[in-house]
Amino acid sequence: MRFSTFDWTLVAVYVLLAFAIGMLARKRITNIADYLVAGRHIRYNLGVASLVATELGLVTMMYFAEQGYRFGFAAFIIGVIWAAAYFMIGQTGFVVERIRQLEIITITEYFQVRYSRGVRVLAASLLTIAGVLSLGVFLKLGAVFIVNFTDIPETSLHLTMTILVVIVVIYTILGGMVSVVLTDYVQFVFLAIGMLMASVFVLHYHGIISIFEKARELYGAGAMNPFTHPEYGWTFIAYWAVFAVSGCVLWQPVAQRILASENPELNRRIFKSTSVMFLGRAFFPILWGIGAALYFGAAGDPTAGMPKFLAEILPIGILGFLAAGMFAALMSTDDSYLIAWSGIIVQDLIAPLRTKEISGTGRVMLTRICVFVIGFLMLIFGIWYELKDSAFRYLLDVTTIYYAGGLPVLVAGLYWKRASLPGAYLAFAFGAFLPLAFVAEDIILQARGISEPGFFNELFSANMRGLMSFVLGFIGMGIGSIITGNSPALAGKQS
Amino acid sequence: MDLWEIVWMVAFGFGTLGFAFIATNVIVKGFAEARSLLHELGGEEEKQEGQP
């Protein structure tokens, strides 16, 4: 390892800067809207920086690199579809324009406005399950990167995870969304420059054209076509397309930025610009993963390969800059997710279930307590849980728990007058069934020390399971709404 | 060189240039917006404190 004192100094400077911003922002927070959506003062450039920094986590780079390492350039399809989804939403204003006009703080709040308090609480519960289950993996992959990229011994993985959680929790509690958005900007600077520099070094090492030729030799001639690739294929492309649209409109950290922008039109501009950024978000780490596979061979560790490879080829100084960028990526995503899920728990679970109104100060305090509790849970889960498949697959499954019902409920609520309360309940129940059963079974099997795949693992392929979940979600909404129709109360809410 | 190799080369080139272009713009102009955000939130706070 060649990680020098100079590199560590760069990382330390970055962390201190993030803390300073957290402290600065703390003084400006006066109410829950400031804390959760930065008082709705976010403009275009800050909006793009924040959205990209949030969705460009260290975990994102790790799972994209893992896909690149295992499946080569065919994995680029993930970035292309995601970028296309963002561009389509930016172009049409689909969902985001209507939802921003409502002046709400969380998407689940809309479910109460359109359907009922029960739907809001159900959606918030599923979203919290999906969010907390995914956060544990975030932390673990972040620690795997840092341990393999720097000279920290591998035995210190859990200690590294603990230190990371403490840092992120403290500064999120301090500054809320204002500090998150401001640190997102600083993180965006480190990340954008660091990613471009790392990609230049990878291309320089393997050769711009020769990396494609070497990949063809390693993965096989047909491995570049995602439509015929055994890991991807048509079912994955269909599943991922609908998943990507859900990610744009339903994922609370993204939605929070939609709701924090100054006006609805601005969201469309932000989404269009972000779509191009998201091509790079996927392409660069996939390229690093492919570079690592060519360096270590197909038999190497697909998860730890990318950081080990970059640590080998990057010079001193660039190593520190990229480490600070990656550390920034970890913090920007983890802090945003902590605050997003804490906001959901307070705004959509605790507040609606209480008969007495909670004051603004009380909500900020409760949100801060939730940040601490979720941080603790993500540490415990991250240490205990072992991934069976790739991190990407796991995250797809846990997120589909919420998306598969959430998308039909949101879209039908906004665009279909007949969408009804029973339809919303059925959509969530049908959509969540397969992924929830799969993930729960997997956790139970691991707790019992059983390594064989369970019933739900063998019932469908991973791609088919995901696609079926969305189909079931839409079927649930359709059946429930057509049979029961729209009640007069709901019709009134809609108008 | 097969078709998909060319497709991914072009897509990678487009993605890299687009990323670099937007990142540069956002980095340059975002700083002023970050300062403005702090100023606006601070201004509201002062306004609230000043109210009778």
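None of the values given here were measured: they were computed from a predicted structure. Residue numbers start from 1 in every chain, and the chains themselves are labelled A, B, ... in the order their sequence lines are given, proteins ahead of strands.
A 6.0 Å sphere centred on CZ of F227(A) holds more than 12 heavy atoms belonging to other residues, nucleotides or ligands.
Within residues 276-283 of chain A, the residues having any heavy atom under 4.5 Å from a heavy atom of chain B are, by residue number, V276(A), M277(A), L279(A), G280(A), R281(A), F283(A).
Taking every heavy atom of both residues into account, G194(A) and L322(A) meet most closely at O-CD1, 3.3 Å.
Interface summary for chain A: among T24(B), L17(B), V7(B), I22(B), the most heavy-atom pairs under 4.5 angstrom belong to I22(B). Taking G79(A), A83(A), S273(A) one by one and counting their heavy-atom pairs under 4.5 Å with chain B, the maximum is reached by S273(A). Most heavy-atom pairs under 4.5 Å with chain A, from the set A11(B), G15(B), A20(B): that is A11(B). The candidate with the highest count of non-hydrogen atom pairs below 4.5 Å against chain B, out of A215(A), S199(A), A74(A), P226(A), is P226(A).
Using a 4.5 Å heavy-atom threshold, the side chains of L196(A) and T16(B) count as touching. Proximity of M195(A) to L56(A): side-chain heavy atoms (C-beta onward) are separated by under 4.5 Å at one or more points.
Contact of I77(A) with chain B is made through backbone and side chain together, with heavy-atom distances under 4.5 Å.
In this structure, K214(A) contributes its side chain and L294(A) its backbone to no donor-acceptor pair below 3.5 Å.
For the residue pair Q67(A) / Y232(A), a side-chain donor-acceptor distance below 3.5 Å is found, with atom types taken as modelled.
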What do the steps show when you test M224(A) against F76(A) for side-chain contact (heavy atoms from CB on, under 4.5 Å), and what is the final call? CA-CA 9 Å; M224(A) 295 232 181; F76(A) 270 13; over 6 Å; no

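Relative ring orientation between F284(A) and F12(B) is described as perpendicular, the plane-to-plane angle rising above 60° on a 0-90° scale split at 30° and 60°.
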